[in-house]
Amino acid sequence: MRASPVTPAPTATAAERRALLGRLRDDARGCVRCPQLAAARTTVVFGAGNPDADVLLVGESPGRGEDRQGLPLLGAAGRLMTDLLGEAGLRREDVYVTTVLKCRPPSNRDPLAEELANCRAYLHGQIELVRPKVVCTVGSFATKLLREDPAGIRGVRGRPEVRTIGTRTVRLLPLLHPDAALYEGALVELLRADLALLPELVARPAPPQPGPARVDRGPGEDDGSAVSAGAPGDPSPATSVEDDAPGGQLGLFGP
Ligand code: SF4
């Protein structure tokens, strides 16, 4: 597989970043780094939504319906999330939705560590190119993975924190999965309350970006440092915590 062409120029415009996001999507659609997943999938579910979104939602992996339709977070869970986003003042088309793994694991098994490692540059590239202020981890799996902490979702949900994922520093907001809320109705209120935090989080100034030259100067501008999502499997900065946990880069998809 050729390297992902995600290398925005220092002054990349929003249009240029959109074009690179499209190229990254095209790369993913032809990706066969995980042979079992590539053989079993109907389609690669790269992600969908506003490529300039302030809010990016990350779930675990595509399910059966998503695999068939090529879009993330569908079905009853998707409708619930859309409704609750609407109550928070966000239309579904305002946000960007993706998953840590872009191909459906057979029988909906958990993703393997190797598969997550293979796929991480796509997520990093999406975050680099969309440049969200807030990344919401949806459900326990994505939350544990991106926080690199085994703490259960119910203990950390609704608590925003500043995290660096790949090359971007964002406010990370763990959310319950809407599937859980559909199964246990009382959780709907918790998910609703957590999503209601988004307008205030988006209104905050973006957290400082990592690296001495990287300063968030707003849409269409950059800080002068070239970035590259690289190819899946490339060693690249993963996840780090800046506010309230020990510093240093952590391996997002480490063993
Ligand atoms: S790296 Fe991602 S896109 Fe490529 S085959 Fe694996 S899961 Fe699918």
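One-based numbering, in listed order, for ligands and for the atoms of each.
- Looking at Q69, its side chain never comes within 3.5 Å of a backbone N or O of E66 through a donor-acceptor pair.
- Side-chain contact annotation: T99 with E60, donor-acceptor N/O pair under 3.5 Å absent.
- Close approach of ligand 1 to C34 is summarised as follows: ligand atoms under 4.0 Å from at least one heavy atom of the residue are 1 (S), 5 (S), 6 (Fe), 7 (S).
- Shown in contact with R41 at under 4.0 Å from a heavy atom are these atoms of ligand 1, numbered in order with element: 5 (S), 8 (Fe).
- Close approach of ligand 1 to N118 (heavy-atom distance below 4.0 Å) involves ligand atoms 1 (S).
- A donor-acceptor pair under 3.5 Å is formed between the side chain of Q209 and the backbone N or O of T169.
- For C119, the nearest N, O or S atom to atom 2 (Fe) of ligand 1 falls under 2.8 Å.
- Cluster annotation: L195 is connected to V55 through the hydrophobic network of ILVMFWY side chains, with a link wherever side-chain heavy atoms come within less than 4.5 Å.
- Inter-residue side-chain proximity for L116 and P111 is flagged as met; some heavy-atom pair is nearer than 4.5 Å.
- Per-residue contacts place L101 under 4.0 angstrom from the following atoms of ligand 1 (heavy atoms of the residue considered): 7 (S).
- The distance from atom 4 (Fe) of ligand 1 to the nearest N/O/S atom of C31 is under 2.8 Å.
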